[in-house]
Q: 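Below is the structure I would like to discuss, written out as structure tokens.
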Number of protein chains: 2
Amino acid sequence: MAQTHPLNQDISLSVIKTACSNCNLRELCLPFGLSLEELERLDDLVSTRRRIKRGDHLYRAGEVFDAIYAIRSGFFKTDVLLEDGRDQVTGFQMAGELLGLDGISTEHHTCNAIALEDSEICAIPFSRLEVLSREIHTLQHHFHKVMSREIVRDHGVMMLLGTMRAEERLAAFLLNLSQRFTARGFSHAEFYLRMTREEIGSYLGLKLETVSRAFSRFQEEGHIAVQQKHIRILNVNGLKALMNHRP
Amino acid sequence: MAQTHPLNQDISLSVIKTACSNCNLRELCLPFGLSLEELERLDDLVSTRRRIKRGDHLYRAGEVFDAIYAIRSGFFKTDVLLEDGRDQVTGFQMAGELLGLDGISTEHHTCNAIALEDSEICAIPFSRLEVLSREIHTLQHHFHKVMSREIVRDHGVMMLLGTMRAEERLAAFLLNLSQRFTARGFSHAEFYLRMTREEIGSYLGLKLETVSRAFSRFQEEGHIAVQQKHIRILNVNGLKALMNHRP
DNA sequence: GCGTTCGCTTGATCCAAGTCAACCATAAAA
DNA sequence: TTTTATGGTTGACTTGGATCAAGCGAACGC
């Protein structure tokens, strides 16, 4: 859906709707802080929109990198595979978040990105992003912030994997999800998990049985109500307390 | 040691020596791939050099961020502290590597950087780096690669913490150190650890006793020779085999 | 409808790493 | 030289989470 910049208002609604300038996620995404004129230049950059069906790969480890991806709707996981078959989920990404930053380093993707529900992404050719970010300082700075935020997030995960016990990890995970759903205008207290217990476990460095037991325990103690993938948070402070309570 | 750009050759050797253009680490650092003319412009950017004594902080979590730091010589660790006192070492950095990338995101540092031996760093004011990288495409691209590489590195640590057992983690750690020393022209088979067993353990999500036992075991099996902080790698392939051998 | 599949829960048992504790080595201070 | 402090090693014991195993419930195809 590459499109020339519209010079008049006489264009179809569908075309308007594909632009960053009209995306209601732009506060969470790359366009943050840009002026209207700058936003319109960004519209040209985001040349492709693609639908990815649940279970399909957006990209695979080893593929040549040439674009980063903004999630317009849907839910993804990224994972890395070791030669010996072990794998690890390195993150879950939702609308407004970027995928593919890991590929810049070697010009090849270093992980797999897989849709956990039918999703829609905007492809942003990286070389053109670099050109544009030389001209739009705000874009340049915001992009740097986004990359840095990813590093900070990873440090948080390292902290979690390195120092927390099973229940603390799961509590931290739920609170993080809740906070991100809130930022997107969804309920902070009630949501559906898009991933399986096994995927949660892989992300948190736990086995699926341990995740399941922790869920059950949280429910017994009245912190949450779980029914399969449907989660209701009944006591946020209870979860927060669990997060930094050493035995 | 801020300095105006020298227009003639009649300058003191000491001033020449402080410049990126004369730094023998530039292949490992930010200046990688720059032309001579571009390198000279970068020299102006690196306005400050500072010595950090062993045990001192280069920066602390919470401080305002305004520069990233290139390590000219020495050895650092970064760590994050949780409110409840737990902490985690998030990385060890050596000559030619960058520190402070985590601070871009919030304009405040999110971890502590502490020298593990007397060190010397180059401060690179971030706003000026952004200006310069708009003009020097190679610098812009290389900086993006460096940030991306940090993300990939963090994914590696997540993998390590999430899926590997104690001995695998330590083997991976030693091989990584060895490889980085090699890239700097030092022996790949013999080096001094700059960090304590406790710091290694914190980084690897293990207790110091477990690290110590793993070292002893590697020695018994003839993979390495350990004497306190002095390490000799006797059998690289043995270590590599340990790294992906599930019991 | 009914079987099949996949994901989830729960119980019983096991083991890798944590904990606690004693002791040793090295280096700096007195 | 002895003293003290800091860091490292090793042993005995404990435990949180892994593993193995059985059974359940929801969703889907036929």
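Just so it is clear: chains get the letters A, B, ... in the order the sequence lines come, proteins before strands, and each one is counted from 1.
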Q: Starting at atom CZ of B/Arg194, determine the distance to atom P of D/dG7, rounded to an integer number of angstrom.
A: 17 Å

Q: Which part of the nucleic acid does B/Thr196 contact within heavy-atom distance under 4.0 Å: base, sugar-phosphate only, or nothing?
A: sugar-phosphate

Q: Any salt bridge linking A/Glu167 with A/Arg217? Criterion: basic side-chain nitrogen under 4.0 Å from a carboxylate oxygen.
A: yes

Q: Answer yes if the ring centres of A/Phe186 and A/Phe191 are under 6.0 angstrom apart, and no otherwise.
A: no

Q: For C/dG7 and A/Lys229 - does any side-chain N or O of the residue sit under 4.0 Å from the phosphate oxygens OP1/OP2?
A: no

Q: Do any pairs count as a salt bridge (Lys or Arg N to Asp or Glu O under 4.0 Å) and have a residue in residues 177-195 of chain B, sequence neighbours left out, and if so which ones?
A: B/Glu97-B/Arg180, B/Glu97-B/Arg184, B/Glu117-B/Arg194

Q: B/Arg169 side chain to B/Leu204 main-chain N or O, any donor-acceptor pair under 3.5 Å?
A: yes

Q: Please list all pairs meeting salt bridge (Lys or Arg N to Asp or Glu O under 4.0 Å) that have one or both residues in residues 58-68 of chain A, counting only residues at least two apart or in different chains.
A: none

Q: Starting from P on C/dA25, measure out to CZ on B/Arg197 and report it in whole angstrom.
A: 15 Å

Q: Find out whether A/Glu168 and B/Arg86 are in side-chain contact, i.e. whether some heavy atom of one side chain is under 4.5 Å from a heavy atom of the other.
A: yes

Q: Between A/Phe92 and A/Tyr203, is the ring centre distance below 6.0 Å?
A: yes

Q: Can you figure out which of D/dG17, C/dT19, C/dA17 approaches the side chain of B/Ala166 most closely?
A: C/dA17

Q: Angle class for the B/Tyr69/B/Tyr59 ring planes (parallel below 30°, perpendicular above 60°, tilted otherwise)?
A: parallel

Q: Would you confirm whether B/Thr48, through its side chain, and B/Ala123, through its main-chain N or O, come within 3.5 Å as a donor-acceptor pair?
A: no

Q: Among all residues two or more places apart in sequence or in another chain, which pass the side chain to side chain contact (heavy atoms under 4.5 Å, CB included) test with B/Leu234?
A: B/Ala225, B/Arg232

Q: Within this structure, what is the CZ-to-P distance between B/Arg54 and C/dA27, rounded to whole angstrom?
A: 12 Å

Q: Look at the side-chain N and O atoms of B/Ser212 and state whether any lies under 4.0 Å from the OP1 or OP2 oxygen of D/dT9.
A: yes

Q: What does B/Gly205 touch in the nucleic acid at a heavy-atom separation under 4.0 angstrom: a base, only the sugar-phosphate, or nothing?
A: sugar-phosphate

Q: Five pairs at each end of the helix from C/dG1-D/dC30 to C/dA30-D/dT1: take the axis at both ends and give me the angle between them to 10°.
A: 30°

Q: Return the residues of residues 216-228 of chain B meeting this criterion: a heavy atom under 4.0 Å from some atom of DNA chain D. Order them by number, or give none.
A: B/Ser216, B/Gln228

Q: Would you kindly give the CZ-to-C1' distance between B/Arg165 and C/dC15, to the nearest whole Å?
A: 9 Å

Q: Remember a base hit wins even if backbone is also touched, and classify B/Leu208 as base, sugar-phosphate or nothing at under 4.0 Å, heavy atoms.
A: base

Q: Just the table, please: protein N/O against nucleotides 20-22 of chain C N/O, every pair under 3.5 Å.
A:
| residue | atom | partner | partner atom | Å |
| --- | --- | --- | --- | --- |
| C/dC20 | N4 | B/Glu209 | OE2 | 3.3 |

Q: What pair of heavy atoms forms the shortest contact from A/Ala95 to A/Arg72, and how long is it?
A: CB-O, 3.8 Å

